[in-house]
Each structure stands twice: as C-alpha cells, then as structure tokens.
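Residue numbers begin at 1 in each chain, while the letters A, B, ... track the order of the sequences.
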Number of protein chains: 2
Amino acid sequence: MSEKKRRRPEPGTSKRSRSSSSSHAHELKNQLKPDTEILSSLHRLRAATQSSSDQTLTLSDLNLSSPCREVSDLDSSSVRLAIERAALSAARSILSGNGFSFSIPSRSSSNQLYLPELDRIVLKDKTSSRPFASLSTVRKATITARVLSLVHAILLNGIHVTKRDLFYTDVKLFGDQTQSDAVLDDVSCMLGCTRSSLHVVASEKGVVVGRLVFSDDGDRIDCTRMGIGGKAIPPNIDRVSDLESDALFILLVEKDAAFMRLAEDRFYNRFPCIIVTAKGQPDVATRLFLKKMKTELKLPVLALVDSDPYGLKILSVYMCGSKNMSYDSSNLTTPDIKWLGIRPSDLDKYRVPEQCRLPMTDQDVKVGKDLLEEDFVKRNEGWVRELEMMVRTRQKAEIQALSSFGFQYLTEVYLPLKIQQQDWL
Amino acid sequence: MSEKKRRRPEPGTSKRSRSSSSSHAHELKNQLKPDTEILSSLHRLRAATQSSSDQTLTLSDLNLSSPCREVSDLDSSSVRLAIERAALSAARSILSGNGFSFSIPSRSSSNQLYLPELDRIVLKDKTSSRPFASLSTVRKATITARVLSLVHAILLNGIHVTKRDLFYTDVKLFGDQTQSDAVLDDVSCMLGCTRSSLHVVASEKGVVVGRLVFSDDGDRIDCTRMGIGGKAIPPNIDRVSDLESDALFILLVEKDAAFMRLAEDRFYNRFPCIIVTAKGQPDVATRLFLKKMKTELKLPVLALVDSDPYGLKILSVYMCGSKNMSYDSSNLTTPDIKWLGIRPSDLDKYRVPEQCRLPMTDQDVKVGKDLLEEDFVKRNEGWVRELEMMVRTRQKAEIQALSSFGFQYLTEVYLPLKIQQQDWL
C-alpha cells in the first residue's frame, strides 16, 4: 500500500527524510532474488542443523570434576515408583526410631553453574537435609510429604493440574502458593524428574501456526489449517506427539502482533516454516514445545525479537533457561537459536526512521550491560558486537517499527532479504 | 482420587471438619442423576433461548425521545466509501474557502446511556467539531485525517493490522499510542462502523474447545479435535464464518486453569457444549467471538467465574460492554448470560472449606458495593441477593477452591449438579 502514501509529506516530517527512507525501502525490495534462490539458503541452514545436532552433548558426556544434577522426563510409573521409594524409606527410617528426613538438592544461585559446553545452567551437587523432627524444617518437611502424596494421586488418576489447583488442596498447610510452588520444584529435583513429569503444568500462552502436524491428546492437528488465530500450544507436553513437518526452519517470534502479520500473510507458504510465539515472556509450555520441535524435527530456529535488552533476555530464557528452573534446563532450553532480527545494526541498515526508534532508559542500558557479562552472550562475538552497539547508541526499536515502511514490509521485504543474505548470528 | 486422601487427617486440620466437608462432597455426588436426566435440563434451556432470541431488540425498535448512536459491522467497500465521502466533503469545504472540520461523536461518559431494554450502554447524540484551522484542534484534525487515509489503505490491501502497527506508521505525528488509539475510536464512531470493520484488531488471548466447527480464514476448524490446548480465537472476526454446532450451551470460563480441567476431562463429550475463555479480562476478539456464537447458534451461555466482585465485573464486560467502547456495544456484548457459578451462596451450599475462602479487602468490598449500584446488576434480583451476600460475608473464592474436594470435583460433581438443578441466575 504505502509507497504512494509515504511520499506524501506529513506535518512535522520533512519531505526529504521521508522520501529518502522510503526510496531506500524500495531499493532493498529490488535486491530480493527469486524465492527459489532465497529458499536455497534455508535448505543449507537446515542441512547444517541436521548434521550438527547429532552431536548434541549431554551432562554425562562431560568429564566434570564435581558432579552436576539435571532432571529428565520420566513416565508416570517411574515417577510413582520414585515417590513410593521415598515414602518407604521414610517409613523405614521412622520405624527404626530415627524419624524421617528428605534430602533436597539446593536450587540457590551458589549451587548453579553455567556450562559453556552445553550452553545452559545446571545445578551443582549441594543438597540440604529437611528433617521432620526439627523446629525449623518441620513445616517444610510436612509440605514436602503432602506434595509427594498429591502428585502420586495425580499420576494414578492420569490427569494434569495447575500449581494453583495443587495449592488449593490444602490452603491451611501451604499458607500461600509460593510455598507449595517452591516445594514442587524441590520435589522435581529430589525425584530427578521434570515438573511436567509430575503432571503439574503452567497455563498456556503460546500459539503455533505453519508447516507442522502433531497430535494433541490424540487429536491430529494440522497447523497449516489453523487460520490466522493459530493453534494454542497445549499445556501438557507429554500429550504432544508424532510431530511431522516439511518446514525448513522454525521462526520464533517475540510478539503476537508480528505473529498475526506472518499468519495472515501465510508467510509459511512462501517460506516453509513453523511460526511460534509465547506472546512476550516465554512460558514453560512454549519452551517445552519449542524444545520438542527442535529435537524431533532437527530444524534450525531463527528468532525475531525487539531490538532491546529484553528481546535478548527472552532469547536467553529460550536458550539457557531461567535461573529458578535451572535444574530442568536440559528439557526447557533450546540451544543454538540464531538471532535473525531486529538487531541494533538493522536500524541503520534498514534505515528505520529516527522517530520510530526509542531512546533507551538508564534501566535499559543497565540490563544491556549486565547481559554483556553473561556467558551466553560472550560466547557469540556477533552478539557482543550488536549488544555493544545497542548500549552505545542507546537506541531501541520494536518489531512493529518496520510498519513505518508499510504494514507488510516485514513479511515481504525484511524477512525475505534477511534470509537471502543469511543474515543471522 | 481424593476420597481416601481427604480422610487422612492433615497437620493443622482437625479430623472432624475435613471429613465432614469431604463426606458432604460425597453426598452431593450421590445426588447426581443419570446424565440423560441432567441433559434434559440443558435441552429445555436451549429451547427457551432459541425461542426467545428471535425477539432481540435493536436500537431502532425503541422509541427514544433523543436519538442514540451505535456502530455496526460494515464490509470493506462500505467503509472505504464512507472514508472517500469524508475526504471529498473535506476537499469541497477547503475549495470553497472554509477550511475543513470533522464532526466527531462524543465518547465521554456524559454522552453515554444505559438502555435497560437492550441491556447495554449506547452513546447519546452529542458531537463535537474538530476544525483544522484552530490551534486547539489542528493536531487532532491532522491525526484524524491521517488515520482515515491509513485505514483506507489497509482496507484496499485486504489486510488486518494491530493498533501498534498503526501507531508506528507515523510516530512523529501521533506522539504516543494513546493518541492514535483514541482517534481510531473516534473514526469508528464517525464512520458508524465497528473497529473490526476498520481491520484494526487487538491481539488475541482467548481459546475455544468443544462442540463447534467453524472456518478461520477459509480453514475448517473442528474444536472437538483440538486436544487439550484448544484453538486460539482469531483476532480477525470478519474471517470467522460458517459456524456449526450440536452443543446445548456455551460455557464461558473466567480462567485458563478451569478451562484446562474441562478440556482435559473432555467435559463437552459428556455435556455437549462449547467451552471458551479469555484467560481473565475479556479481550475484544473473545467478546466478538462469543457474540457471534450466541447470535448465529442461538445457544444459552452459562458463566463460570470466581466468586468475587471481579468475576462479576468480567461478566458485565461480556454482557454490557466496557465504557470506553460503548459506541460499539451492540457488536461486542452478549446479553442474557446466566451466572452459573461460583456464586457466594455456593460457598456454604457446597461447603467450601473456610481456609479455601479468602477475606475480601476493603477495595474488594467497595467494588462490590459499586456493582450493586449498576443497572445491569439491579435488574436481576438473584444477582443482587448474591452480591449482597458477598459484601456482607466479606468472603470470596476462586474457581480453583473446588480443588479442595479433589481435582476433578469441578467437572464430575459441581458442574453436573448445578446443571441438573438448573441452578443458574
């Protein structure tokens, strides 16, 4: 729509700056090669991903001086067995006159370790004892026993519940939900299984659309036939199975406005891909879903986030996990996500108009500088350069800023050109 | 699962109160009749809804002393025509030496009116003039002209954009997004069409599952085959069409945790229904979708919300609209929603344990008292009684509080019994 529109001088905008940025947009459009050529760079990327992902390291591949702890997905009967063992050992301990105590892995930051080889945070081996017969831990030991018994019942019934449901089963004991939530994480670590293996799920936020077919609780879902709204990502990852796809890549999008643009323009028909968003901060369900897609389909993941420190923070959560669930990092994290855009260097390269860039606040700059100290940024030179540029120029921009060149500039020029130039880091 | 579990005395909970509330839950379960009998009350409800909804009043049916204003859904070409007319009339006015001015309907609360006959808020006929040649309105007049031209381009292209996209097309002119958003509402009123007719959409939040088949942008969606995650409600209501359903009712749920429970238990297979949630505050897309289902399928709507003033506020938004979009109330509101639960009187009736009820804050009580003054509450005696009880007892409870009787108590006892007893208001 907008070439004509753009050239009209707006009040408060000089004719010159407008038309020059608009003609630049036009120039970029002219650089686009035929789609078959653009697609070939995606074919190469997928091939590279598929050959490299066979070598994925796990904790056990590393020869670490001190042991580290991770949890894994266990099936219901294994988790039930682990709970029954814990209960038996407590009963035996009580009968032998020693009362009972749980041994709980510490989840504090002093017990966390970033492993560059795995590119994620894991737990070191510190544990603490939680005896029932101690004034300081009796409440927590009781809550732990109660949560174990509740989880056992949930697994026996074959259902899934939310953390909030769990809390309400015994408000008087738990007091407030932070306490039952914290013990739930303890129990995951103690049993060595993921929180989803406990069948306690977070609410869903994410949506997916594009070249993916999968089963959700036995129902076959074809994500190319989900209209513009897309398919809500199910909260229960263990009921997701049989993924099939002819996509060349996964496009991870920070915001739902961009998701909507891509879905309405059926971007995945022109460039075969799976488009996924958590609508802001990544929730557990979306992270699990992304991980599952990446692992089973062995597809490269390209990320489209805002050009600000929070865009990068979101990438870091997808890639390295959040600190308070680091014990579960191997199941929740998707390493090797490529930063496609919007990158600080794109702002000048694509001549995003000054008025569509936003000044960074002091807090933004601080977050940016903190990120520069993070291992996951440091190990990627390209990212360091981009982030340094962001902090230096003190400018940020949302994905939506590209709308200044026309609403469909994102899908018709920016993304195709990025892909054609293999411009990801 | 929980009968056995419940009877076990918990620390800090007397054996007596626990087991008495648990045995009460058991008693209630025994009151359940066979499903065929429960279904018959739903058949009656649907029949009543289908015969009554033919008489739906519209603004033009009322003989109002002063004219009121509502907008309606217009197709793209009608909206474009209206914009072209506005542009022509402005040009003609300029050429005749009078400059130009827009006549904008006032959306202030003094221009709003609750119509009990329609059970919604509409706009009265006050308008204000927005001349270009005036220091106080030149900026707003310019923004209005700009928004009109942008909307025209969007419609010509046949795409949909978000408010944020619109803002970014001219950050320098709009200054901040509240200004382009406000003018967008002005433009809706001025052209007499809904905001969705302008193809400017809000982001989606809602999900739907159950006995509904519909088309989303041409893709046929069967909501009984959407697993547990459900189908994301599309942001573009004008691309939703061809609704089909064999449901007996629509179950409107406030929160996603309850939605998940209902979806996982496939509640809609036992009691044919369509389950929908906006995950908290209703967004425009979910409200439009509910309205469309109710209108086209002529199904009764039963609501399951928290027993607190905000649960009722949410109902009021679905039923009567929010004040700042009152000009669009006929398209956004779904009158005649039945309040199924959780109602203040349910707390004792279903013996929700004291510790699962929460004390209302002073602010909660104030919101509750304010609601008692609202017309939409006053016209329903049952609602007044319930709300008075809430304010008097100063107790509230979430839907999740029912988990204290077992995670599936909601789907297996509470809802079936409510329906059997036709216990809605």
Side-chain angles (χ1 to χ4, degrees), chain A residues 1-2 5 10-13 142 146 149-150 153-154 156-157 159-162 164-173 201 203-204 207 215-221 225-236 239 256-257 260-261 264-265 279 353 355-356 398 400-401 403-404 407-408, chain B residues 1-2 5 10-13 142 146 149-150 153-154 156-157 159-162 164-173 201 203-204 207 215-221 225-236 239 256-257 260-261 264-265 279 353 355-356 398 400-401 403-404 407-408:
Chain A
M1 92 197 218
S2 30
K5 212 134 286 294
E10 310 305 326
T13 312
T142 311
R146 179 81 176 131
S149 95
L150 285 168
I154 291 164
L156 257 185
N157 265 30
I159 60 171
H160 295 76
V161 304
T162 62
R164 190 80 182 150
D165 285 318
L166 197 79
F167 161 68
Y168 264 116
T169 53
D170 206 335
V171 173
K172 199 155 189 174
L173 172 63
V201 299
S203 67
E204 62 193 85
V207 279
S215 292
D216 176 357
D217 196 28
D219 293 334
R220 204 73 189 141
I221 312 284
R225 300 181 182 284
M226 284 295 128
I228 295 163
K231 169 75 176 81
I233 291 176
N236 322 341
R239 301 226 164 146
D256 46 348
M260 198 198 84
R261 175 83 280 117
E264 184 170 65
D265 293 354
K279 302 182 182 175
Q355 65 266 30
C356 294
E398 298 181 40
Q400 262 57 50
S403 296
S404 57
F407 296 114
Q408 291 172 296
Chain B
M1 84 183 236
S2 29
K5 213 131 287 289
E10 310 306 325
T13 313
T142 311
R146 178 82 176 130
S149 95
L150 286 168
I154 292 164
L156 257 185
N157 265 29
I159 60 170
H160 295 75
V161 305
T162 63
R164 191 79 181 150
D165 286 318
L166 198 78
F167 161 67
Y168 264 116
T169 54
D170 207 336
V171 173
K172 200 156 188 174
L173 173 64
V201 300
S203 66
E204 62 193 86
V207 279
S215 292
D216 176 357
D217 195 29
D219 293 334
R220 203 74 188 137
I221 312 283
R225 300 181 182 283
M226 285 293 129
I228 295 163
K231 169 75 177 83
I233 291 175
N236 322 341
R239 301 228 165 146
D256 45 348
M260 199 197 83
R261 176 81 280 119
E264 185 170 67
D265 293 353
K279 303 182 181 172
Q355 65 265 31
C356 295
E398 298 181 41
Q400 263 56 50
S403 296
S404 56
F407 295 114
Q408 291 173 295

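Residue Val207(A) touches chain B through its side chain alone, counting heavy-atom pairs closer than 4.5 Å. With a threshold of 4.5 angstrom between heavy atoms, Asp165(A) approaches chain B through its backbone and through its side chain. Both the backbone and the side chain of Arg164(A) come within less than 4.5 Å of a heavy atom in chain B. Contact annotation for Arg225(A): both backbone and side-chain heavy atoms come within less than 4.5 Å of a heavy atom of chain B. The contact between Ile221(A) and chain B is made entirely by side chain atoms (from C-beta outward), counting heavy-atom distances below 4.5 Å.
The backbone N or O of Gly229(B) sits less than 3.5 Å from a side-chain atom of Asp216(A), completing a donor-acceptor pair. Between the Lys231(A) side chain and the Gly230(B) main chain, a donor and an acceptor come within less than 3.5 Å of each other. In terms of modelled atom types and a separation under 3.5 Å, the side chain of Gln400(A) and the main chain of Tyr168(B) share no donor-acceptor contact.
Considering CZ of Arg239(B) and CD1 of Ile228(A), their distance stands at 4.5 Å, rounded to 0.5 Å. Ile159(A) CD1 to Asp265(B) CG: the interatomic distance, rounded to the nearest 0.5 Å, is 7.0 Å.
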request  = Could you give me the CA-CA distance, side-chain angles and deciding distance for Val161(A) and Met260(B), then say whether side chain to side chain contact (heavy atoms under 4.5 Å, CB included) is met?
outcome  = CA-CA 8 Å; Val161(A) 304; Met260(B) 199 197 83; 5.5 Å; no
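Pairing each heavy atom of Met226(A) with each of Asp219(B), the nearest pair is N-OD2, 3.4 Å. Nearest heavy-atom pair across Phe407(B) and Ile154(A) is CE1-CG1, 3.4 Å. Pairing each heavy atom of Gln355(B) with each of Val171(A), the nearest pair is O-CG1, 2.9 Å.
Heavy-atom pairs under 4.5 Å with chain B were tallied for Ala257(A), Ser215(A), Ala232(A); the largest tally goes to Ala232(A).
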